Amino acid sequence: MKPIRIIVGLGNPGREYAETRHNVGFMVLDRLAEHFRVEWKADKARKAELAAGPGVLLVKPQTYMNASGESVGPLMRYFKFDPEQVFVIYDDISFPVGALRLRAGGSAGGHNGMKSLIAHLGTEKFPRLRVGISAPGQKQMVSHVLGKFAPDERPLLEEALLKSTAAALMALKDGFDAAANQFNIRKEKKKKEKPAPPPTEEQTAENTPPPAEPAP
């Protein structure tokens, strides 16, 4: 893969959405901007907030989630980058809070922000980091993703933000594959222990102690 040149965090603009589950992508981008010690600047023409890190452009689309591609697509073409150089970070209800999954491509999986990106980038083949926000359960989907994290979820969220920031930095330095190998959680297959075969007659004879000699 070509080196990553744009990192996009998905979310909704506005103070009312700042701490919601749907804005996990924005949260990670804020951590990256803090790491690089760069400030966000509004770019109304490109419908985004931008921050220039060393060799990478950080992007928070300001179009609202469902139209994220309207910002990212033109930015990618303006700088003449390929889709595989655009690394997207966003929330995913398929995983519990704190879980991460990196993939080099794939479908939108029902995520409207990703649907917009795929439409405007013209392909599904671009790297992404999915950050778990848990399934809605009995809640309606909209109220869940636009709701805030529960107090007992905050430690898991903080851990996820730290790991996501580290994963993005590794993807920049060592490549996306290296980051995926490091941060993707693999389920270890349980090895089934086969029962030991019954001893053969020879083994039984070898392990049988000799008969005791009669006492004098």
Side-chain angles (χ1 to χ4, degrees), residues 1-15 17-18 20-92 100-131 145 161 164-177 179-180:
M1 294 179 65
K2 293 183 178 180
I4 292 167
R5 289 292 179 256
I6 296 178
I7 299 182
V8 179
L10 298 188
N12 287 307
R15 188 174 298 176
Y17 300 111
T20 61
R21 295 174 190 267
H22 226 13
N23 272 39
V24 162
F26 277 14
M27 295 178 197
V28 178
L29 266 286
D30 285 337
R31 297 292 182 96
L32 286 170
E34 184 178 352
H35 174 82
F36 292 133
R37 297 182 181 179
V38 294
E39 295 183 359
W40 292 103
K41 295 182 179 180
D43 189 330
K44 293 183 179 180
R46 295 181 174 86
K47 304 175 184 178
E49 285 191 356
L50 308 177
V56 66
L57 182 66
L58 307 180
V59 180
K60 293 195 296 186
Q62 300 295 293
T63 55
Y64 288 96
M65 179 69 79
N66 295 3
S68 299
E70 294 178 11
S71 170
V72 181
L75 266 171
M76 179 192 72
R77 286 184 283 276
Y78 176 81
F79 289 105
K80 298 180 181 180
F81 292 139
D82 294 330
E84 66 180 295
Q85 295 179 284
V86 180
F87 182 33
V88 183
I89 303 174
Y90 65 103
D91 60 289
D92 196 313
L100 309 180
R101 183 66 57 83
L102 290 99
R103 292 186 65 191
S107 68
H111 193 287
N112 290 329
M114 290 299 288
K115 288 179 183 178
S116 178
L117 278 172
I118 290 170
H120 286 271
L121 297 186
T123 180
E124 295 181 350
K125 296 180 179 180
F126 54 89
R128 72 281 308 266
L129 167 58
R130 297 145 70 189
V131 183
V145 298
L161 296 178
S164 297
T165 303
L169 292 173
M170 178 174 282
L172 286 173
K173 181 182 177 183
D174 302 323
F176 179 81
D177 290 341

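Heavy-atom basis, side chains included; hydrogens, waters and symmetry copies ignored. Keep in mind that this is a model prediction, so the values were computed, not measured. By convention here, the first residue in the shown sequence is residue 1.
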Worked check of side-chain contact (heavy atoms from CB on, under 4.5 Å) between H111 and L10: CA-CA 11 Å; H111 193 287; L10 298 188; 4.0 Å; yes
CG-CD1 distance between L58 and I7, expressed to the nearest 0.5 angstrom: 6.0 Å
Gap between atom CE of M76 and atom CG of L117 - 0.5 Å precision: 10.0 Å
Minimum heavy-atom distance between V38 and G53, given as atom pair plus value: CG1-CA, 4.4 Å
Distance, nearest 0.5 Å, that separates NZ of K60 from CE of M27: 10.5 Å
Heavy-atom closest contact (L29 atom, V59 atom, distance): CD1-N, 3.9 Å
Polar side-chain atom of S68 near backbone of M65 as donor-acceptor pair, under 3.5 Å: yes
Qualifying ring pair (Phe, Tyr, Trp, His ring centres under 6.0 Å) pairs, either residue in residues 26-55, two or more places apart: none
Over all atoms of both residues, closest heavy-atom pair of A179 and A171: CB-N, 3.8 Å
Residues L100, V131; criterion side-chain contact (heavy atoms from CB on, under 4.5 Å); working and verdict: CA-CA 5 Å; L100 309 180; V131 183; 4.1 Å; yes
Check: Y17 main-chain N/O paired with N23 side-chain donor or acceptor under 3.5 Å: yes
G73 to L121 - nearest heavy-atom pair and separation: CA-CD2, 3.9 Å
side-chain contact (heavy atoms from CB on, under 4.5 Å) evaluation trace for H120 with V72: CA-CA 8 Å; H120 286 271; V72 181; over 6 Å; no
Q62 side-chain N/O to K47 backbone N/O, donor-acceptor pair under 3.5 Å: no
Residues that E84 engages under salt bridge (charged side-chain N to carboxylate O under 4.0 Å, His left out), provided they are two or more places apart: none
Point-to-point distance, once rounded to the nearest 0.5 Å, from CZ of R128 to CG of L102: 10.5 Å
M1 side, atom CE; K125 side, atom NZ - distance, nearest 0.5 Å: 11.5 Å
Side-chain heavy-atom pair T20, N12 within 4.5 angstrom cut-off: no
Criterion salt bridge (Lys or Arg N to Asp or Glu O under 4.0 Å) against D92, the qualifying member of R130, R103, R21: R130
Exercise: identify the closest heavy-atom pair between F126 and V86: CB-O, 3.8 Å
Reported CD1-to-CG distance for the pair I89 and D91, which is rounded to 0.5 angstrom: 12.0 Å
Heavy-atom pair of closest approach, residues V28 and S164: CG2-CB, 3.8 Å
Whether F87 and F176 hold their rings parallel, tilted or perpendicular, with breakpoints at 30° and 60°: perpendicular
Verdict with reasoning, L50 to L75, per side-chain contact (heavy atoms from CB on, under 4.5 Å): CA-CA 10 Å; L50 308 177; L75 266 171; 3.9 Å; yes
Main-chain N/O of R46 paired with S71 side-chain donor or acceptor, under 3.5 Å: yes
Pairs touching residues 1-15 that satisfy salt bridge (Lys or Arg N to Asp or Glu O under 4.0 Å), sequence neighbours left out: K2-D82
